[in-house]
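All remarks here apply to the structure that follows.
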Amino acid sequence: PRTRRKPPPSPVTMLVAATLAMLSLSSVGPHVRGGASKSAFRMSASSGSPPVAISVELEIAPDRIDDFLEVIEADAIGSRERENGGCLRFDVLRDQGMPTKFRLYEVYVSEEAVKFHKETPHFAKWREFKASGGVVSQVSSMNDAIMFSG
């Protein structure tokens, strides 16, 4: 009998798997990873709005990688340490096969927290980096954070 092949995993499934793998192996400090590691996933509250997760796929100009890493580190740390708990996690992932491609995975307690984030000095540096031509391409999506670790 013929064996049916499973369809390939969706990009979202692959992103979540990569994020979890990177977190389990990461030597990045807890302020960037989202605090001490936990074995259980957080479930968003059934009442009210769920947290907001933002996933961003980026291609960075090859000659701007060092600038990008400096700016995105400041944004990640600023988001976790200076936004009064509004940012629950901020992960930065680098594609193993294409070193100019990155993925960001951010979780905020609410849409208001996302708006606040976009008004901060550390986000302004990110905005300036993009305006200077450092980003070749960017695709972002807003998601409800139904289940996440952190």
For the hydrophobic clusters of this structure (ILVMFWY residues joined by side-chain heavy atoms under 4.5 Å, transitively), does one cluster hold both [X] and [Y]?
X	Y	answer
Trp126	Met142	yes
Phe90	Phe116	no
Leu69	Phe129	yes

Val136/Thr100 under side-chain contact (heavy atoms from CB on, under 4.5 Å): CA gap, chis, key distance, verdict: CA-CA 9 Å; Val136 174; Thr100 60; over 6 Å; no
Do [X] and [Y] have side chains that approach each other closer than 4.5 Å (heavy atoms only, starting at C-beta)?
X	Y	result
Lys125	Asp75	no
Val52	Val107	no
Val109	Leu88	yes
Pro99	Arg94	yes

Under the side chain to side chain donor-acceptor pair (under 3.5 Å) test, residues paired with Thr120 that sit two or more places apart: His122
Residues which pass side chain to side chain donor-acceptor pair (under 3.5 Å) with Ser137, listed by chain and number, not counting sequence neighbours: none
Atom pair [atom1] ([X]) and [atom2] ([Y]), whose distance is rounded to the nearest 0.5 Å:
X	Y	atom1	atom2	result
Ser140	Ile54	OG	CD1	7.5 Å
Ser49	Glu111	OG	CD	7.0 Å
Glu119	Lys115	CD	NZ	9.5 Å
Tyr108	Ser79	OH	OG	4.0 Å

Residue Gln138 excluded, over 12 heavy atoms near CD under 6.0 Å: yes
Distance-minimising heavy-atom pair for His117 and Glu106: NE2-OE1, 3.8 Å
Short side-chain donor-acceptor distance under 3.5 Å, Ser55 and Glu57: no
Side chains of residues 58-65: which donor-acceptor pairs under 3.5 Å do they make with residues two or more places apart or in other chains?
residue, atom, partner, partner atom, Å
Arg64, NE, Asp67, OD2, 2.8
Arg64, NH1, Ser132, OG, 3.1
Arg64, NH2, Ser132, OG, 3.0

Ignoring hydrogens and geometry, is there a side-chain-to-backbone donor-acceptor pair from [X] to [Y] under 3.5 Å?
X	Y	answer
Asp95	Gly97	yes
Arg103	Val92	no
Asn143	Ala53	yes

